[in-house]
*Asks:* 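First the structure, then my questions, so here it is.
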Amino acid sequence: MRRHRRRGRSRAAKVLLCDIASRASVRAAAAAWCGEPIDILVHNAGLMPSQRIETSDGLELCWATHVAGPHLLTTLLAPFLARASGARVIWVSSGGMYFKKLRLDDSQWRARPYNGTNAYAETKRAQQVLAELWAEKLKASSTTVVHCMHPGWVDTAGVRDAMPGFYRRMHANLRTPAQGADTIVWLAASVRAAASSGKFWFDRVARSPYLLPFTRESAAARDALWAMASAA
């Protein structure tokens, strides 16, 4: 924290701790917010469990971390985002979602044998759809813009621990954390990114979130995702 204060212009930085997978923790963090406008909200928490873990709220951990928690936090902080001029919400998804469609019939992995890689990819697809839905919801009521992006394959502890075989084969080609964060920072600061909302970005370029035809979801599925995320 001291290092970041030295590198920034403000010496009044504050830290609010939040377990994004816990509804109680998310609500407590939002309630502790000082009430000032929020300019940038980045949903970057992520994990890829090797086995099914259920949170105290009865949710599968990937779903709780990537979908339910960020959705609730956005809901609770929306009034503070609206107070800022041109606030931005950025969802950090993953290229793994390109191979998955929105799947809601067993989002909590109670019927299927658990697969952490697939749980991760499915919830990352859900993030991309939620970002579009949030962009539509906020369009009429505020100047807040919402975008989703994926950083490419980045050399992080998460990749090393969750996908050791992949890491051994590909580590020489992985991006640095700074390279992975580049588009996040750009979306938070650039004028061009503020001119639109609800897009999916990679390397500062708006891309289609659908590379395969079967991954497109129906309007009913989108509505169901919003309802599920809001109820969780």
Side-chain angles (χ1 to χ4, degrees), residues 20-21 23 26 41-49 51-55 57-75 78 89-139 144-153 158 162-163 183-184 187 196-202 205-232:
I20 198 68
R23 285 181 291 192
V26 170
L41 175 61
V42 180
H43 293 306
N44 190 40
L47 45 73
M48 190 185 296
Q51 61 185 356
R52 187 183 185 278
I53 300 172
E54 193 166 289
T55 70
D57 297 313
L59 299 174
E60 187 274 321
L61 186 58
C62 258
W63 178 271
T65 302
H66 300 154
V67 181
H71 180 73
L72 176 59
L73 186 62
T74 306
T75 301
V89 180
I90 303 164
W91 294 73
V92 181
S93 184
S94 166
M97 64 132 211
Y98 277 126
F99 305 99
K100 294 293 178 180
K101 67 181 298 182
L102 187 62
R103 181 164 183 178
L104 304 177
D105 60 315
D106 188 26
S107 63
Q108 301 305 307
W109 289 85
R110 295 191 175 98
R112 296 175 284 171
Y114 190 75
N115 183 303
T117 303
N118 288 340
Y120 178 87
E122 288 177 10
T123 52
K124 288 299 179 177
R125 169 62 73 183
Q127 286 187 324
Q128 175 264 316
V129 177
L130 269 181
E132 290 186 359
L133 294 174
W134 269 110
E136 295 169 6
K137 178 180 177 63
L138 295 176
K139 185 184 300 182
T144 303
V145 301
V146 185
H147 290 299
C148 188
M149 60 79 69
H150 83 88
W153 288 105
M163 306 172 67
T183 297
I184 302 173
L187 286 171
S196 63
S197 190
K199 293 188 175 182
F200 185 71
W201 299 81
F202 177 63
V205 177
R207 317 272 181 161
S208 171
Y210 305 100
L211 296 184
L212 302 170
F214 75 88
T215 59
R216 290 185 179 273
E217 70 283 339
S218 65
R222 293 166 70 87
D223 292 341
L225 172 63
W226 186 272
M228 290 177 66
S230 299

*Asks:* State the CG-CG distance between Leu225 and Leu102, to the nearest 0.5 angstrom.
*Replies:*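 Reported value, rounded in 0.5 Å steps: 5.0 Å.
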
*Asks:* Enter the distance from Gln128:CD to Leu133:CG here, rounded to the nearest 0.5 Å.
*Replies:*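 CG of Leu133 is found 9.0 Å from CD of Gln128.
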
*Asks:* Report yes or no: does Lys101 contribute a side-chain atom to a donor-acceptor pair with the main-chain N or O of Pro213 at less than 3.5 Å?
*Replies:* no

*Asks:* I'd like to know if the side chain of His43 and the backbone of Val67 have a donor-acceptor N/O pair within less than 3.5 Å.
*Replies:*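 Looks like no, no N/O pair under 3.5 Å.
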
*Asks:* Give the minimum heavy-atom separation between Ala64 and Pro70, together with the two atoms involved.
*Replies:* O-CD, 3.9 Å

*Asks:* With sequence neighbours excluded, tell me which residues meet ring pair (Phe, Tyr, Trp, His ring centres under 6.0 Å) with His150.
*Replies:* Tyr98, Phe200, Phe202

*Asks:* I'd like to check the ring pair (Phe, Tyr, Trp, His ring centres under 6.0 Å) partners of Tyr114; sequence neighbours left out, ordered by chain and number.
*Replies:*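 Testing Tyr114 for ring pair (Phe, Tyr, Trp, His ring centres under 6.0 Å), a comparison that skips the adjacent residues, returns Trp109.
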
*Asks:* Testing the 3.5 Å rule here: is there a donor-acceptor pair between the side chains of Trp134 and His71?
*Replies:* yes

*Asks:* Tell me if a side-chain donor or acceptor on Ser197 pairs with a main-chain N or O of Val146 at a distance below 3.5 Å.
*Replies:*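 Flag set: sc Ser197 to bb Val146 pair under 3.5 Å.
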
*Asks:* Gln108 vs Glu54, test: side chain to side chain contact (heavy atoms under 4.5 Å, CB included). Steps then yes/no.
*Replies:* CA-CA 9 Å; Gln108 301 305 307; Glu54 193 166 289; over 6 Å; no

*Asks:* Looking at residues at least two apart in the chain, or sitting in another chain, which of them share a side chain to side chain donor-acceptor pair (under 3.5 Å) with Ser94?
*Replies:* none

*Asks:* With sequence neighbours excluded, what pairs up with Arg112 under the salt bridge (Lys or Arg N to Asp or Glu O under 4.0 Å) test?
*Replies:* Asp106, Glu122

*Asks:* Quick check for you: to the nearest 0.5 Å, what is the distance between His66 atom NE2 and Glu60 atom CD?
*Replies:* 9.0 Å

*Asks:* Spell out, as yes or no, whether a donor-acceptor pair under 3.5 Å connects the side chain of Arg125 to the backbone of Met97.
*Replies:* yes

*Asks:* Which atom pair, heavy atoms only, marks the closest approach of Lys124 to Ser93?
*Replies:* O-OG, 2.9 Å

*Asks:* Which heavy atom of Thr215 sits nearest a heavy atom of Phe99, and at what distance?
*Replies:* CG2-C, 4.2 Å

*Asks:* Got a second to check how far Thr123's OG1 is from Leu130's CG, nearest 0.5 Å?
*Replies:*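 Separation between the atoms: 10.5 Å.
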
*Asks:* For Lys100, check side chain to side chain donor-acceptor pair (under 3.5 Å) against everything at least two apart and list the hits.
*Replies:*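 For Lys100 the side chain to side chain donor-acceptor pair (under 3.5 Å) partners, ignoring immediate neighbours, are Asn118.
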
*Asks:* Hey, what do you get for CG (Leu41) to OG1 (Thr74), rounding to the nearest 0.5 Å?
*Replies:* 5.0 Å

*Asks:* Tell me the closest heavy-atom pair linking Ala45 and Ile20, and the distance in Å.
*Replies:* CB-CG2, 3.9 Å

*Asks:* Aromatic contact between Trp201 and Trp91, with the criterion being ring centroids under 6.0 Å apart: yes or no?
*Replies:* no

*Asks:* Is the backbone of Gly46 close enough, under 3.5 Å, to the side chain of Thr65 for a donor and an acceptor to pair up by distance?
*Replies:* no

*Asks:* Pairs in or reaching into residues 210-229: which pass salt bridge (charged side-chain N to carboxylate O under 4.0 Å, His left out), with residues at least two apart or in two chains?
*Replies:* Glu132-Arg222, Glu136-Arg222, Glu217-Arg222

*Asks:* Provide the closest heavy-atom pair for Ala206 versus Lys199 in the form atom of the first, atom of the second, distance.
*Replies:*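 Minimum heavy-atom separation between Ala206 and Lys199: CB-CD, 3.9 Å.
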
*Asks:* Got a second to check how far Ile53's CD1 is from Leu47's CG, nearest 0.5 Å?
*Replies:* 8.0 Å

*Asks:* Are any non-hydrogen side-chain atoms of Val92 and Pro151 less than 4.5 angstrom apart?
*Replies:*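 Answer yes - side chains close enough.
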
